[in-house]
Visitor: 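Please read through the structure below; I'll follow up with questions.
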2 protein chains.
Amino acid sequence: MTIYDIAKEAGVSASTVSRVINNRPGIKKSTREKIESILKVYNFSVSEAARGLVNQTNRMIGILVSDIRNQHHTEGAYMIERHFMKKGYCSLILNAGDSDESMAECVRILSSRRVDAVVLIGSVFQNRCVMNAITDYMPSTPIIFQNGIFNLPNVSSVVSAEDEGTAEAVKYLYSTGRKHIVYINGADTPSNRKKAAGYSNAAAELQLDEILYNTDGTAKNSADVTEMALAEHPEADAIIYATDLLAVGASRRILDDGKKIPEDIAIIGTDNSPFSTLANPRLSSIDTKLFELSEACSSILEKTLLNPGYTENAVIAPALVLRETTSQ
Amino acid sequence: MTIYDIAKEAGVSASTVSRVINNRPGIKKSTREKIESILKVYNFSVSEAARGLVNQTNRMIGILVSDIRNQHHTEGAYMIERHFMKKGYCSLILNAGDSDESMAECVRILSSRRVDAVVLIGSVFQNRCVMNAITDYMPSTPIIFQNGIFNLPNVSSVVSAEDEGTAEAVKYLYSTGRKHIVYINGADTPSNRKKAAGYSNAAAELQLDEILYNTDGTAKNSADVTEMALAEHPEADAIIYATDLLAVGASRRILDDGKKIPEDIAIIGTDNSPFSTLANPRLSSIDTKLFELSEACSSILEKTLLNPGYTENAVIAPALVLRETTSQ
DNA sequence: CTGAAAGCGCTTACAG
DNA sequence: CTGAAAGCGCTTACAG
């Protein structure tokens with residue numbers, strides 16, 4: 001069923017049908033009504049693909065996340081999708097995977113789909129492979145990078161000052177008397193490196209020993225690494241984790257090993273995710289302002305769509321949220 | 001940059017360029033190589049929209065979830081997206097919202113986008129509004145319904161036998177000596193009604209009192225309702241929750257009220273989600289086999305795409321996973 | 001082995 | 001107020 005079928009049925013030309021579909025003025029009322037009723041009878045819906053071809057915009061925005069099952073990436077995708085669906089855009093959401101190559105391939109796919117804009121969610125996209133794919137395949141498509149930066153004329157960015165958030169957590173713990181603060185990092189990503197840098201800076205500033213461990217990002221590994229860290233550093237009296245998941249995974253192990261939280265060991269997670277309030281004990285956490293980050297992306301994207309060439313870089317400050325795993 | 005620009009640059013016709021792009025045989029080797037090199041120089045990528053217009057397939061599959069931030073819906077979307085991206089399909093993932101009307105509107109949007117298939121994830125789509133939208137706008141587009149059923153010729157379905165899973169949980173608790181088993185339900189959805197029915201049937205079969213409470217689906221409300229239930233039914237010795245989130249939200253309150261889990265109150269959640277292992281105490285849960293459900297959807301979708309008109313209905317049996325909130 | 005032409009389903013100047 | 005025509009970027013019979 002095309003616009004021509006409707007036209008034939010109504011005894012008019014396709015142009016006229018197109019005009020009523022697009023609410024163009026200057027159509028005789030009776031003609032418009034007749035066409036509208038036929039449109040309704042057939043439940044006609046215009047092909048957006050054909051329309052996109054002539055209008056030079058498919059009204060689609062591409063969203064890249066490494067894994068859509070990760071709640072943390074989903075917030076931004078949700079906000080973008082909801083907001084722009086209202087404006088007639090559809091979202092192509094791709095799971096870009098872990099490898100630089102698969103991420104770059106996704107950029108190529110989105111370029112083939114001729115999306116009007118793309119949003120990259122997560123610092124993992126900050127690598128040369130993706131950057132090259134952008135300059136090769138989307139040198140002028142508006143791109144918004146959530147929690148990452150590309151020094152490219154067509155990409156805006158909104159980042160969380162995670163280093164500062166982590167430093168603030170260190171200083172807070174120090175102010176409550178903790179002097180042996182461990183940092184347990186997540187998977188190796190630009191974001192986590194930045195958090196660790198914040199930890200190191202604060203430790204240096206306060207002249208504390210730097211006790212830093214890495215994990216693969218899973219709850220299980222976090223528990224194991226924590227156990228090892230506490231064995232190697234019996235003096236430890238606080239641990240900051242790069243994510244809430246790591247903190248929750250480990251805290252049960254700490255309790256099982258007979259230590260009290262927060263009396264013996266204070267704990268702070270990162271992200272202020274749903275896990276933090278559901279955890280038992282409830283987890284203090286560095287709020288990296290995911291919601292604000294996502295909102296900022298959405299608002300920059302909107303400006304960019306309205307005003308081609310518009311670009312913006314924003315930084316959002318984290319905040320410490322205290323619950324039961326820290327004592328004042 | 002179009003295929004014509006490439007053609008001009010190569011001194012051939014667009015047809016020839018199209019043929020090498022599509023790897024058609026019968027092109028002189030030197031011609032092919034020349035075109036390929038030019039394609040590479042310009043990082044040319046074909047417009048899938050234009051291609052879709054002539055091929056009568058946009059190679060897109062539409063995925064409807066009520067809210068992409070809900071981990072529970074995201075598993076299926078992930079699997080479909082990943083699997084079909086490899087085959088050249090892109091996924092249009094829409095947040096369909098809570099109202100029947102917004103869900104139906106999403107069906108209309110997907111029809112406008114001329115997707116090759118759609119997958120509905122979640123029992124909430126099982127309503128007349130959506131059903132009408134399907135018969136009106138996509139009477140013959142292949143549709144896979146995860147955890148719901150439409151008696152329509154173009155829709156396949158894969159459902160979890162949640163009623164049986166819940167009944168099994170009741171019977172298990174009974175077998176361990178619990179005689180006053182409460183059921184705390186989630187938001188009012190077909191899926192949750194089915195779970196509650198399973199509870200009621202089992203309770204009747206075992207001649208137990210039916211103690212059933214409703215919540216709005218949030219952790220906070222679950223804690224409040226649980227407190228009320230235990231006040232009204234001090235004899236209660238076990239609670240089954242319609243989701244893990246409800247169970248985790250409430251268990252902390254139960255502990256705070258001075259009861260022991262599982263000694264005083266045994267607890268079983270539903271979905272065997274990540275929450276269940278992260279919870280403290282670790283939560284016993286009815287595994288509704290989300291992964292298998294999603295896999296089945298993906299495999300049916302694949303068969304449907306290959307074999308138009310193919311349809312299938314599958315039922316997957318849940319299983320009880322015991323952890324620390326139940327005693328044997 | 002290659003090209004000219006028609007067509008996929010639309011929209012929009014241009015005429016009338 | 002309405003229609004014929006051209007064009008958006010492709011692909012594919014049909015000829016040669």
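Letters A, B, ... are given to chains in the order of the sequence lines, protein chains preceding strands, and every chain is numbered from 1.
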Visitor: Is the side chain of B:Asn95 donor-acceptor paired with the backbone N or O of B:Ile68 at a distance under 3.5 Å, no angle test?
Guide: yes
Visitor: Between C:dT12 atom C1' and A:Asn23 atom CG, what is the distance in whole Å?
Guide: 16 Å
Visitor: Give me, pair by pair, the N or O atoms of the protein and of nucleotides 8-10 of chain D that are less than 3.5 Å apart, along with how far apart they are.
Guide:
| from | atom 1 | to | atom 2 | distance (Å) |
| --- | --- | --- | --- | --- |
| D:dC8 | O2 | A:Val54 | N | 3.4 |
| D:dG9 | OP1 | A:Gln56 | NE2 | 3.4 |
| D:dG9 | N2 | B:Ala50 | O | 3.3 |
| D:dC10 | OP1 | B:Ser47 | N | 3.4 |
| D:dC10 | OP2 | B:Ile3 | N | 2.8 |
| D:dC10 | N4 | B:Tyr4 | OH | 3.4 |

Visitor: Check for a donor-acceptor pair, side chain of A:Ser18 on one end and backbone N or O of A:Ala14 on the other, with a separation under 3.5 Å.
Guide: no
Visitor: To the nearest Å, how far apart are B:Arg19 CZ and C:dT2 C1'?
Guide: 6 Å
Visitor: Please give the nucleotide sitting opposite D:dT2 as a Watson-Crick or G-U wobble pair, both distances under 3.5 Å, or none.
Guide: C:dA15
Visitor: Mind calculating the distance between CD (B:Glu33) and C1' (C:dC1) to the nearest angstrom?
Guide: 15 Å
Visitor: Count the heavy atoms belonging to other residues, nucleotides or ligands that lie under 6.0 Å from CG of B:Asn22, then report whether that count exceeds 12.
Guide: yes
Visitor: On the 0 to 90° scale, with breaks at 30° and 60°, tag the A:Tyr89-A:Phe84 ring pair as parallel, tilted or perpendicular.
Guide: perpendicular
Visitor: Any side-chain N or O of A:Thr16 less than 4.0 Å from the OP1 or OP2 oxygen of D:dT2?
Guide: no
Visitor: So does B:Val115 get a backbone contact from the side chain of B:Asn58, meaning a donor-acceptor N/O pair under 3.5 Å?
Guide: no
Visitor: For A:Arg69, is there any backbone N or O sitting under 3.5 Å from a side-chain donor or acceptor partner on A:Asp67?
Guide: yes
Visitor: In whole Å, I'd like the distance from the CZ atom of B:Arg24 to the P atom of C:dG3.
Guide: 17 Å
Visitor: Would you indicate, yes or no, if C:dT2 has its OP1 or OP2 atom less than 4.0 angstrom from a side-chain nitrogen or oxygen of B:Thr31?
Guide: yes
